[in-house]
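Have a look at the structure below before the remarks.
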Amino acid sequence: MSSGRAQLVYTGLKPGEIRLLYPDIQAGREDLWLLKVAQLKDEHGKRTLLAFDALSYTWGQDHVTTFPVICNDQELRVQHNLNHALPFLPIWIDAVCINQPDNDEKMEQLKMMRQINEYAPEVWAWLGPSDEYSEMAIAMLPHPTNPVKDKRKSWGEHFTKEPEVIPWLSSEKAWSAYNNIVQNEWYNCLWVYQEVAFAKKLRVMLGSHEIDWDTLSHVLQHDLASNFVGADGQTPKKNNRRSKNIILVRQERHKSLASGTLTARTFARILRYATTAECRVDKDRILALLGFINLQIPAEASTEDLYILLCRSVLLSLDPKSSEWWALLLSATSANKRQGLPNWERSIASTVITMSTTSENEEPHLGTKKDNSRIAIFNLDIPTGFNSTTIKDINSNN
C-alpha cells in the first residue's frame with residue numbers, strides 16, 4: 001500500500017559524506033524518519049567525530065514485496081526484513097542511506113563500508129522478528145565463560161551421554177524459535193562477513209531480545225545440538241554451516257589488528273571462508289571483500305574484470321610455495337566456477353609467476369604429475385589498462 005507521498009529524491013553526496021537515518025522526534029510519531037547527510041571524513045580524508053551506529057541484516061528472500069517508509073516527508077520502499085528492523089537511533093542502513101539506483105554513488109559508498117562499520121561504536125545485527133518462544137530459546141544458550149556456574153538448567157551445561165529433554169520444545173513453533181537462531185539466513189549473506197569483521201562491538205537482536213555475541217559465537221563454533229532433545233522427541237537441526245565461517249573471518253581480522261597487518265595469506269583464508277556465502281548480484285562477490293584490502297577498482301570495471309583483478313592480485317601477493325596459494329588455485333576446479341572469463345594459460349605468461357619447485361621451462365605440477373586442465377581453469381588474464389596492483393596492509397589507509 002502506498003502512503004500517497006512522492007517518492008524519496010536523493011541529493012548527491014560529496015567525497016567523505018554518508019547519509020544517516022534518524023527518527024523524526026518532533027513529529028511525535030514512530031513511523032516517520034529523517035534522512036540527513038553527514039561527514040564521515042574531512043577534506044583531508046581523516047575521520048571526523050561523527051557518532052552513529054550501523055545495521056547488519058539480510059535483505060531477505062522476498063525481493064518483490066515492499067513496504068513504505070516515510071523519510072523527509074517522502075516515501076521510500078523497503079523490503080520485509082528491514083521494515084521490521086528499523087531502530088530508533090542515528091544509524092547507517094545500506095538500503096536507505098545509499099541511493100541504490102545511482103551506480104556511481106553506490107560504488108563510492110561501498111568503498112567506504114569498512115570505515116562505516118569500523119567507525120560505528122556499535123553494529124546492530126538483526127536476525128529478524130521474535131515470537132513467544134524466542135526469549136526461552138535465547139535463555140538456553142550456554143555462555144562460554146562460565147557455563148557450569150550458571151544456575152539455569154541449559155543443555156550447554158551438561159555433557160552427559162543422555163541428551164537433556166527440554167520441556168518447552170514440544171511444537172513446530174517452539175522448534176522454529178530455536179532454529180531461527182542457529183539456522184538464520186543472516187549467516188548466508190556475504191556482506192555480513194565484512195560487517196562482522198570490522199565491527200568494534202556487535203549487538204545481536206532477535207526482535208526486542210538481545211543475544212550476547214560471545215554466547216552466540218560459542219554456540220555457532222561448537223555445535224552442541226547433540227546435548228538435548230525436545231519433549232516431542234525431535235532433535236535440533238545442525239548449525240548453519242556458514243555461521244562458523246563468519247566467526248573465523250572476525251577472528252582473522254582481530255589477529256591482524258594485534259599484529260598490525262593483514263597479510264595476503266590471511267586474506268586468502270578469508271576469501272576461502274567467504275566462498276559459500278550468498279550475494280544478490282555477481283559483482284558483489286568481489287565488492288563485499290574490498291574492505292579487507294587496498295585495491296584500486298576502476299568505476300567502469302565489469303564483473304569479469306573485478307574477478308580477474310582480485311584473483312590476480314591475491315596470487316601475485318602470495319608465496320607460490322604456500323598452502324594458501326595452492327588452495328586458491330585448486331578452488332578454480334569447482335564445477336560452479338564462473339564462466340566466460342579468459343584462459344589461465346595465457347595469463348600465466350604475462351604475470352610471470354615462477355614456481356620454485358620446477359625448472360624455468362617446466363610447467364607447475366599439481367601432485368606428482370602435470371595437470372594442465374586444472375591450471376587452465378583459474379581464468380586470470382589481465383585486462384588492458386590494469387596496473388600490477390598487489391594486496392597492501394589494510395591498516396595503512398584509514
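This one's a predicted model, so the numbers in the text were calculated from it and none came from an experiment.
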Main-chain N/O of [Y] paired to [X] side chain as donor or acceptor, under 3.5 Å:
X	Y	result
His222	His218	yes
Arg285	Ala277	yes
Gln194	Ala288	yes
Asp131	Ser134	yes
Lys200	Glu118	yes
Arg250	Ala199	yes
Trp326	Pro320	yes
Asn83	Gln79	no

Should [X] and [Y] be counted in the same cluster of Ile, Leu, Val, Met, Phe, Trp and Tyr side chains packed under 4.5 Å apart?
X	Y	answer
Trp175	Trp168	yes
Leu110	Leu13	no
Ile98	Ile18	yes

Phe198 and Phe292: ring pair (Phe, Tyr, Trp, His ring centres under 6.0 Å), yes or no, with the steps? CA-CA 9 Å; Phe198 289 99; Phe292 294 97; 5.1 Å; yes
Report the C-alpha distance between Arg241 and Thr276 in whole Å, list the side-chain angles of each, state the deciding distance to 0.1 Å, and finish with yes or no for side-chain contact (heavy atoms from CB on, under 4.5 Å).
CA-CA 9 Å; Arg241 61 189 178 91; Thr276 62; 3.8 Å; yes
- Go through Trp191 and Asp94 one step at a time and tell me if the side chain to side chain donor-acceptor pair (under 3.5 Å) criterion holds. CA-CA 11 Å; Trp191 287 101; Asp94 59 354; over 6 Å; no
> Hey, is CD on Glu135 packed in by over 12 heavy atoms from elsewhere, all under 6.0 Å?
Replying inline: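 For Glu135, atom CD is not crowded (no more than 12 foreign heavy atoms under 6.0 Å).
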Side-chain heavy atoms of [X] within contact of [Y], under 4.5 Å:
X	Y	result
Lys283	Leu306	yes
His80	Phe67	yes
Glu132	Lys173	yes
Pro68	Arg77	yes
Tyr133	Ser176	no
Leu310	Leu271	yes
Leu86	Leu21	yes
Glu164	Met140	no

For this session: Quick one: do Ile116 and Phe52 satisfy side-chain contact (heavy atoms from CB on, under 4.5 Å)? Show the steps, please.
Result: CA-CA 9 Å; Ile116 290 171; Phe52 66 98; 3.8 Å; yes
Considering all heavy atoms, the nearest [X]-[Y] contact:
X	Y	result
Val78	Val96	CG1-CG2, 4.2 Å
Pro90	Ala51	CB-O, 4.4 Å
Leu8	Cys71	CD1-O, 3.7 Å
Arg265	Ser323	NH2-OG, 4.2 Å
Val192	Ser56	CG2-OG, 3.8 Å
Pro129	Leu206	O-CD1, 3.8 Å

Fill in: Between Asn72 and Gln74: side-chain donor-acceptor atoms closer than 3.5 Å
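No donor-acceptor contact under 3.5 Å links the two side chains.
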Interatomic spacing from [atom1] in [X] to [atom2] in [Y] - rounded to 0.5 Å:
X	Y	atom1	atom2	answer
Leu127	Glu210	CG	CD	11.0 Å
Glu195	Met113	CD	CE	4.5 Å
Leu35	Leu76	CG	CG	8.0 Å
Lys106	Glu108	NZ	CD	13.0 Å
Asp73	Leu32	CG	CG	8.0 Å
Asp53	Tyr119	CG	OH	16.0 Å

From Tyr57, Trp59, Trp126, residue fulfilling side chain to side chain donor-acceptor pair (under 3.5 Å) relative to Asn81:
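Among Tyr57, Trp59, Trp126, the one that satisfies the side chain to side chain donor-acceptor pair (under 3.5 Å) with Asn81 is Trp126.
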task = Given side-chain contact (heavy atoms from CB on, under 4.5 Å), test Thr303 with Ile286 step by step and report yes or no.
result = CA-CA 8 Å; Thr303 301; Ile286 304 300; over 6 Å; no
Next item on the list: Kindly indicate, with the supporting measurements, whether the criterion side-chain contact (heavy atoms from CB on, under 4.5 Å) is fulfilled by Met107 and Asn103.
Entry: CA-CA 6 Å; Met107 179 65 78; Asn103 289 327; over 6 Å; no
Worksheet entry | Arg272 with Glu324: basic N within carboxylate O range, under 4.0 Å |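 Looking at Glu324 together with Arg272, the answer is no, because their closest N to O distance does not fall below 4.0 Å.
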